Asker: 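Got a structure here, written out as structure tokens. Questions coming.
In what follows, every chain begins at residue 1, and chains take the letters A, B, ... in the order their sequences are listed. Computed from a prediction, not measured in an experiment: that's the story for all the values here.
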Number of protein chains: 2
Amino acid sequence: MAITTKELKHKKTECTQATMAVRDALDVLNGRWKLPIIVSLSFGVKRFNEISKEVLGISDKVLAKELKDLEMNMLIKRTVYDTFPPTVEYNITEHGKSLNSVIEELKDWGTLHRKKIIGR
Amino acid sequence: MAITTKELKHKKTECTQATMAVRDALDVLNGRWKLPIIVSLSFGVKRFNEISKEVLGISDKVLAKELKDLEMNMLIKRTVYDTFPPTVEYNITEHGKSLNSVIEELKDWGTLHRKKIIGR
DNA sequence: GTAAGTACTAACCTTTTGGAAAGCACTTAC
DNA sequence: GTAAGTGCTTTCCAAAAGGTTAGTACTTAC
């Protein structure tokens with residue numbers, strides 16, 4: 001089911017703003033780790049190893065990558081202190097906090113869904 | 001950074017219900033295609049090829065898989081009519097409609113984020 | 001009989017994602 | 001000098017996701 005450039009252009013004009021905005025949001029939050037990390041940081045400033053322990057199952061490599069992504073999208077801020085054993089702190093930004101209502105909705109829906117499907 | 005069973009059990013007791021619910025929701029909606037498909041179907045009943053044309057870039061194989069996933073999670077319903085060229089219709093369920101507020105939030109946040117980062 | 005249309009599935013291959021383990025730079029404490 | 005602690009990075013490898021192309025079952029229209 002190949003899509004020709006013509007079809008793509010044609011469809012693009014029909015494509016609603018809404019769908020694109022949802023896609024934008026999903027792209028930023030993609031994967032299993034972004035939101036758990038944000039939730040973890042929403043409880044306060046944390047260091048690398050603290051996040052690594054709180055977000056269950058994440059590997060160092062992936063955590064480092066996810067933190068970079070989140071920083072690039074201005075959802076979190078990285079602060080380095082030049083201490084003896086190095087200290088790096090991560091905290092949410094105002095922009096990151098604006099995700100609160102999204103997270104609330106996901107939490108509510110997740111709870112509803114669990115009742116409906118998993119724990120029926 | 002391996003996690004021992006002991007650590008896992010220990011942390012599990014601390015792990016908030018909230019984080020698990022968010023995870024549940026994300027698991028159901030994972031990937032780039034689930035929500036676009038749901039949005040597409042939220043505008044009305046559609047057939048396989050119609051969805052395939054509306055959800056830009058998705059391949060037949062992936063579409064078929066995603067539709068199966070969504071049906072298993074009771075978000076959409078599949079109806080087969082035994083006509084000459086076969087007809088299969090997909091529509092959202094009530095449970096699927098309960099995602100509306102999540103989608104609204106994602107849309108709003110996506111719009112905000114685009115202003116902040118992409119089109120600053 | 002042959003072409004067309006629908007909704008897929010199967011086979012094959014490439015890309016992406018992700019985990020485990022080790023290493024590194026730097027400094028302090030012993 | 002050597003061990004420890006921090007925040008990563010690198011290498012290697014396995015699994016998962018995803019794209020392309022072809023094919024199938026069935027019937028109807030020509």
Asker: May I ask you to decide if the ring planes of A/F48 and A/Y90 are parallel, tilted or perpendicular, using 30° and 60° as cut-offs?
Answerer: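 A/F48 vs A/Y90 ring planes: tilted.
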
Asker: Output the rounded distance in Å from CD (B/E66) to P (D/dG18).
Answerer: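 To the nearest whole Å, that distance equals 7 Å.
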
Asker: Got a salt bridge between A/K65 and A/D69, using NZ or NE/NH1/NH2 to carboxylate O under 4.0 Å?
Answerer: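 Counted as a salt bridge, because a side-chain N and a carboxylate O are separated by less than 4.0 Å.
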
Asker: Using salt bridge (charged side-chain N to carboxylate O under 4.0 Å, His left out) as the criterion, list what pairs up with A/E66, not counting sequence neighbours.
Answerer: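 Only A/K34 meet the salt bridge (charged side-chain N to carboxylate O under 4.0 Å, His left out) criterion with A/E66.
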
Asker: Is the shortest side-chain N/O distance from B/R47 to OP1 or OP2 of C/dT6 below 4.0 Å?
Answerer: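 For C/dT6, neither OP1 nor OP2 has a side-chain N or O of B/R47 closer than 4.0 Å.
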
Asker: Separation of B/L63 atom CG from C/dA7 atom C1', in whole Å?
Answerer: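 Going from CG in B/L63 over to C1' in C/dA7 covers 10 Å.
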
Asker: Of the nucleotides C/dT28, D/dC8, C/dA7, which has the atom closest to the A/F84 side chain?
Answerer: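 Out of C/dT28, D/dC8, C/dA7, the nucleotide with an atom closest to A/F84's side chain is C/dT28.
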
Asker: Closest approach to the side chain of B/P85, judged atom by atom: which nucleotide of C/dT6, C/dC8, D/dG7 is it?
Answerer: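 Of the options given, the side chain of B/P85 lies nearest C/dT6.
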
Asker: The side chain of B/V88 is closest to which nucleotide in this list: C/dC8, C/dG18, D/dT6?
Answerer: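 Of all the options, the side chain of B/V88 is nearest to C/dC8.
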
Asker: Using whole Å, report how far CG of B/N30 lies from C1' of D/dG18.
Answerer: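 It works out to 13 Å between those atoms.
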
Asker: Both B/G31 and A/F48 contact DNA chain D. Which one's nearest nucleotide lies toward the 5' end?
Answerer: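 The answer here is A/F48.
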
Asker: Could you state the atom-to-atom distance from CD1 of B/I58 to C1' of D/dT20 in whole Å?
Answerer: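 Taking CD1 of B/I58 and C1' of D/dT20, I get 15 Å after rounding.
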
Asker: Under 4.0 Å between a side-chain N or O of A/R78 and OP1 or OP2 of D/dC8?
Answerer: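 Answer is yes, contact under 4.0 Å.
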
Asker: What is the separation between atom CD on A/E50 and atom C1' on D/dG5, rounded to the nearest whole Å?
Answerer: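 So the CD-C1' distance, A/E50 to D/dG5, works out to 14 Å.
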
Asker: Which is more 5' along DNA chain D, the nucleotide nearest A/E89 or the one nearest A/K61? Just name the residue.
Answerer: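 It is A/E89, whose closest nucleotide lies nearer the 5' terminus.
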
Asker: Would you say B/K68 reaches C/dT9's phosphate, i.e. side-chain N/O to OP1/OP2 under 4.0 Å?
Answerer: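 Yes, such a contact exists.
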
Asker: Please report the distance, rounded to the nearest Å, between CZ in B/R32 and C1' in D/dG18.
Answerer: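 That distance rounds to 10 Å.
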
Asker: Quick one: do A/M72 and A/V80 end up in the same hydrophobic cluster if we chain Ile, Leu, Val, Met, Phe, Trp and Tyr together by side-chain heavy atoms under 4.5 Å apart?
Answerer: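 No.
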
Asker: How close or far is atom C1' of D/dT11 from atom CG of A/D60, stated in whole angstroms?
Answerer: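 Answer to the nearest Å: 15 Å.
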
Asker: Nearest-Å distance, CG (B/D69) to P (D/dG18)?
Answerer: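 Atom-to-atom, B/D69 to D/dG18, this comes out as 10 Å.
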
Asker: Please say yes or no: joined through hydrophobic side-chain contacts below 4.5 Å, possibly via intermediate residues, are B/V45 and B/F43 part of one cluster?
Answerer: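 No; B/F43 is not reachable from B/V45 via cluster members.
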
Asker: Taking the side chain of B/Y90 as its heavy atoms from C-beta onward, which of C/dG19, C/dC8, D/dC8 lies nearest to it?
Answerer: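 Output: C/dC8.
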
Asker: At 4.0 Å (heavy atoms only), tell me whether B/T87 reaches a base, stays on the sugar-phosphate, or touches nothing.
Answerer: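 Touches sugar-phosphate only.
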
Asker: From the list C/dG5, C/dG19, D/dG18, which nucleotide is the closest neighbour of the side chain of A/W33?
Answerer: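 The answer is C/dG19, which lies nearest to the side chain.
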
Asker: Quick one: label A/Y81 by what it contacts on the DNA or RNA (base, sugar-phosphate, nothing), any heavy atom closer than 4.0 Å.
Answerer: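 Nothing, no nucleic acid heavy atom in range.
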
